Amino acid sequence: MNQVPLTADTLLLLLPLVLIQFGLFLFCAVKIFREGVENLNRWAWLLICLLFNFAGPIAFLLIGRKKAWR
């Protein structure tokens, strides 16, 4: 198996993805604690958003947050 060396160029390529993921998690964490959640408790959604990189925050935004129109 050939392994890609972790060079400065590789880190620069990964940096935008890491920043987007961190920003998405931070955005969801603020929404979780300010607005509340719909179907699980807050800590469960926070853990889901933290462990499941892009899928967790997207799932929270689609099905987990409280709806303003209800």
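This chain uses plain numbering: 1 for the first residue, then up along the sequence. Note that the structure is predicted; figures quoted are calculated from it, not measured.
Here the shortest heavy-atom pairing between K66 and E38 reads CA-OE1, 3.5 Å. Considering all non-hydrogen atoms of both residues, L6 and T10 come closest at CD1-CG2, 4.3 Å.
With rounding to the nearest 0.5 Å, the separation of CD1 in I48 from SG in C28 is 11.5 Å. Here the CG-SG distance, from L24 to C49, works out to 7.5 Å after rounding to the nearest 0.5 Å.
For residues 7-19, no residue pair satisfies the salt bridge (charged side-chain N to carboxylate O under 4.0 Å, His left out) rule, not counting sequence neighbours. Residue pairs meeting the side chain to side chain donor-acceptor pair (under 3.5 Å) criterion with at least one member in residues 20-33, sequence neighbours excluded: K31-E35. The side chain to side chain donor-acceptor pair (under 3.5 Å) analysis of residues 40-64, with sequence neighbours excluded, yields the pairs N39-W45.
Follow the hydrophobic side-chain contacts under 4.5 Å out from F25 and you reach F52 in the same cluster. I20 and L13 sit in two unconnected hydrophobic clusters of ILVMFWY residues. Membership requires side-chain heavy atoms under 4.5 Å apart, directly or through other members. The hydrophobic clustering, which links ILVMFWY residues whose side-chain heavy atoms are closer than 4.5 Å, places F54 and I32 together. Hydrophobic clustering (ILVMFWY, side-chain heavy atoms < 4.5 Å, transitive): F22 and L51 are in distinct clusters. Linking ILVMFWY side-chain heavy atoms closer than 4.5 Å, directly or via other members, places L26 and I58 in two distinct hydrophobic clusters.
For the pair R34 (side chain) and V30 (backbone), a donor-acceptor distance under 3.5 Å is absent.
The side-chain heavy atoms of F60 and L46, taken from C-beta on, include no pair separated by under 4.5 Å. Counting heavy atoms from C-beta outward, T7 and L12 have side chains that stay 4.5 Å or more apart.
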